[in-house]
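Residue numbering restarts at 1 for every chain, and letters A, B, ... go by the order of the sequence lines.
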Number of protein chains: 2
Amino acid sequence: MSKRTEKTIVDIAEELNLSVSTVSRALNDHPNISAKTKEKVKKMARKMGYRPNTMAAGLRNNKSKTIGLVVPRISMFFPATISTVIQNKLQEHGYNLLICQSNDSYEQEIALADTLYSARVDALAVSTTLYTTDFSHFDVFIENNIPLVFFDRVPKDYNVKVIKGDDYLGGLTVTKHLIERGCKDIVHISGPLTCNLYIERVAGYKSALQQHKIPFKKSRIFYHELTRENALQTCEKIFAQQPYPDGIFAANDTTAITILEYCRKIKLRVPEDIKIAGYSNDPRTEIITPSITSVDQYPALMGEKVAAALLELLQQSKPVQQKYNEEIIPIKLIARASTEGPVVKVRGKKK
Amino acid sequence: MSKRTEKTIVDIAEELNLSVSTVSRALNDHPNISAKTKEKVKKMARKMGYRPNTMAAGLRNNKSKTIGLVVPRISMFFPATISTVIQNKLQEHGYNLLICQSNDSYEQEIALADTLYSARVDALAVSTTLYTTDFSHFDVFIENNIPLVFFDRVPKDYNVKVIKGDDYLGGLTVTKHLIERGCKDIVHISGPLTCNLYIERVAGYKSALQQHKIPFKKSRIFYHELTRENALQTCEKIFAQQPYPDGIFAANDTTAITILEYCRKIKLRVPEDIKIAGYSNDPRTEIITPSITSVDQYPALMGEKVAAALLELLQQSKPVQQKYNEEIIPIKLIARASTEGPVVKVRGKKK
DNA sequence: ATTTATAGTGCAAACGTTTGCAATTTTCGG
DNA sequence: CCGAAAATTGCAAACGTTTGCACTATAAAT
């Protein structure tokens with residue numbers, strides 16, 4: 001009764017008195033098929049409103065023409081930009097992107113790895129949650145030679161392709177910048193140390209202090225998820241007692257912005273009384289007054305590298321045993337009003 | 001040679017001396033299977049590292065457990081927020097999301113509709129390009145009873161479910177607000193009229209003028225894609241000659257921000273000399289100085305409605321002929337510093 | 001013990017493609 | 001016009017599931 005409207009290559013074959021194999025090959029531009037037949041078949045396919053069934057083809061070929069992407073959150077500036085670029089690039093090459101968000105939940109990440117494997121994605125790109133330190137849920141991809149690329153938030157000691165920013169250099173550069181602009185007591189607000197980003201930025205921060213012979217104080221560093229709420233709480237702590245710090249290096253921009261607003265509220269002048277720097281070069285940092293110094297991580301470039309890495313792995317005919325292989329995207333300090341001030345000649349190693 | 005590591009239900013069946021059908025049913029918790037067998041099968045599946053093949057199941061069932069999403073750009077604030085919500089909601093219900101961006105290209109949109117149909121998505125949600133006025137590339141979804149939902153940028157006279165903001169009311173409200181704050185010569189910067197959003201916002205703008213007996217001047221309205229570059233060009237035109245307008249209603253926030261910066265540059269004071277309002281309540285509008293009046297469109301709510309609509313359509317067992325059916329998400333004026341000023345008693349219809 | 005209902009399991013076809021190989025047709029040199 | 005090579009086309013199996021129907025045990029009723 002219900003008229004089946006879905007046309008298949010079988011229908012085309014019948015209509016033209018050809019075999020299904022010929023039709024299939026004609027549609028795929030197989031060299032063995034004569035130009036005449038190809039024309040005829042394609043025309044009929046168009047006429048009948050034929051749409052290939054990707055699932056059927058995928059089942060047969062064990063290829064889905066689909067790539068998985070797992071990020072903490074697609075609406076945050078940095079991953080959003082990266083995802084955009086990846087998606088456009090892969091779309092160009094005929095791949096679809098299954099974009100999933102872990103919401104920074106380790107359990108969700110595991111579940112997603114599972115679903116994406118079941119969907120038989122041809123490759124997978126991942127930026128992990130803040131708390132992922134065990135990566136075994138991705139083992140199945142490696143075992144089955146499915147291209148796997150990590151970016152931004154990445155594993156250590158896991159045999160995969162990794163594309164990351166230079167977070168150590170970033171932390172170092174920002175902190176040195178603050179020191180050169182006269183800061184002597186710099187607070188660092190970091191994310192949790194389960195994530196490579198923060199480990200490295202903290203390391204950079206410490207190195208900068210050391211290079212300039214500024215003692216590192218444990219009480220001047222805070223670790224928590226970098227949300228607005230947490231930032232406010234930390235502000236309360238920082239400004240509960242004197243002396244106030246004269247510089248704050250926040251490991252993301254939301255935090256930097258929150259601090260700036262807090263300082264405004266308690267009548268601290270930025271940058272005169274206190275200097276503030278963020279990380280990631282979120283568009284808001286440029287627009288706020290005073291504009292906030294931050295670090296450009298070239299998200300578009302990172303997205304392109306990820307896409308390129310995926311495509312390269314995909315076209316390797318022979319499955320090749322992956323080794324840990326990291327590619328580092330440069331960073332660039334974007335100095336803005338929030339850290340302005342006379343450049344100070346600092347003690348310590350010459351720049 | 002190459003050890004096949006992919007386990008299938010056939011392997012499980014052999015291992016347990018059961019038939020494939022029993023294994024399949026056991027894994028799917030079919031009522032006819034005894035608890036004992038289910039336990040046994042699931043345990044073995046786990047042990048053997050079995051992963052269901054979604055494509056095979058999809059082929060058999062004609063269901064992919066995948067939903068398509070087409071938006072102009074995933075990195076823009078408004079669609080990004082909506083996508084996030086949709087993705088999370090659908091993920092909860094076991095659906096994957098194929099997110100695609102048209103980049104506001106009509107051709108790309110057509111191509112995407114095609115691919116997503118071929119991927120046999122179980123449903124499709126779309127926010128069209130600025131230039132889509134012919135929607136026939138989506139016909140195939142309707143013909144095959146595949147749930148189809150449009151949101152934000154939506155068609156008219158096309159028999160589908162539509163979820164949209166109240167753009168007429170938005171345009172009206174913003175313009176009235178400007179008038180009440182004393183503006184008498186208001187420029188409107190609109191997107192192209194091929195898109196419902198702008199048609200309606202313009203209509204709202206005109207209504208407000210009319211209600212307050214302010215003559216509408218064609219020269220005070222500009223139409224173009226709302227990018228930063230275009231906004232700058234328009235600024236050049238607007239401020240090329242006196243008299244300057246005393247109010248500007250930009251149909252998006254990027255434009256409003258650009259104008260604000262331009263005014264700053266030419267030493268016009270906002271809001272004293274000129275008032276500015278945007279649209280969409282982009283996070284930047286809150287942060288810039290002066291903060292910019294804008295319109296909250298409740299993107300999270302819209303995302304939820306879209307997801308809910310998709311899920312509802314998906315669980316209708318009987319394919320039901322869709323009719324045009326629109327759901328309107330409210331808007332809310334967020335008045336900020338950029339339009340501050342004494343509230344003026346205006347002529348015309350009482351508020 | 002015999003019949004009847006019930007619960008559990010198995011058989012085999014089907015979903016729409018692709019592809020190795022076999023079969024057929026065409027082309028063409030001699 | 002013959003035969004062989006080259007160019008086309010067709011056959012049938014395979015990909016991994018699900019499911020209608022048939023079948024076999026087991027339990028219950030007589």
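- Between the C1' atom of dT27(C) and the NZ atom of Lys36(A) lies a distance of 13 Å, rounded to the nearest Å.
- Tyr95(B) places none of its side-chain heavy atoms less than 4.5 Å from the side chain of Leu310(B).
- You'll find the ring centres of Tyr106(B) and His137(B) inside the 6.0 Å limit.
- Taking atom CZ of Arg60(A) as the reference point, atom C1' of dA14(C) lies 17 Å away to the nearest angstrom.
- With 3.5 Å as the limit, one finds a donor-acceptor pair spanning the side chains of Ser34(A) and Thr37(A).
- Taking side-chain N and O atoms only, Ser34(A) has no distance below 4.0 Å to OP1 or OP2 of dA7(D).
- His30(A) places its NE2 atom 14 Å from the C1' atom of dT17(C), with the value rounded to the nearest Å.
- What separates CD1 of Ile12(B) from P of dG10(C) is a distance of 14 Å, to the nearest Å.
- When each of dT17(C), dT9(D), dG16(C) is scored by its nearest atom to the side-chain atoms of Ile33(A), the top-ranked nucleotide is dT9(D).
- Checked for salt-bridge contact, Lys161(B) and Glu326(B) miss the test: no charged N lies under 4.0 Å from a carboxylate O.
- A donor-acceptor pair shorter than 3.5 Å can be found between the side chains of Thr132(B) and Glu109(B).
- The nearest whole Å value for the distance from the CE atom in Met55(A) to the C1' atom in dA14(D) is 18 Å.
- Which of dG10(D), dT19(C), dT19(D) sits closest to the side chain of Ser24(A) comes down to dT19(C).
- The nucleotide whose nearest atom lies closest to any side-chain atom of Thr8(A) is, among dT18(D), dT9(C), dG16(C), dG16(C).
- OP1 and OP2 of dC11(D) both lie 4.0 Å or more from every side-chain N or O belonging to Ser19(A).
- Going from atom NZ of Lys63(A) over to atom P of dA14(D) covers 20 Å, rounded to whole Å.
- By the 6.0 Å contact criterion, NZ on Lys38(B) is enclosed, its count of non-hydrogen atoms from other residues, nucleotides or ligands being greater than 12.
- Nucleic acid contact for Asn62(B): none, since no nucleic acid atom lies under 4.0 Å from a heavy atom of the residue.
- Atom CG of Asn17(B) is separated from atom P of dG10(C) by 9 Å (rounded to the nearest Å).
- Taking only side-chain atoms of Leu59(A), from C-beta outward, the nucleotide of dT17(C), dA12(C), dG16(D) with the closest atom is dG16(D).
- The aromatic rings of Phe138(A) and Phe141(A) sit tilted, their planes meeting at an angle between 30° and 60°.
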Nucleotides 20-25 of chain D: which of its N/O atoms have a protein N/O under 3.5 Å away?
{"from": "dG20(D)", "atom 1": "O6", "to": "Arg25(B)", "atom 2": "NH2", "distance (Å)": "3.1"}

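- Asn61(B) has no side-chain polar atom (N or O) that falls below the 4.0 Å cut-off from OP1 or OP2 of dT17(D).
- Heavy atoms of Arg51(B) sit under 4.0 angstrom from primed sugar atoms or phosphate atoms, though from no base atom.
- Nearest-nucleotide positions on DNA chain D for Val10(B) and Thr22(A) put Thr22(A) closer to the 5' end.
- For Ile9(A) and dA14(C), the CD1 to P distance is 17 Å, given to the nearest whole Å.
- Remark: the Ser19(B) side chain and the Thr22(B) side chain contain an N/O donor-acceptor pair separated by less than 3.5 Å.
- Listed pair Thr37(B) / dT9(C) meets the phosphate criterion, a side-chain N or O lying under 4.0 Å from OP1 or OP2.
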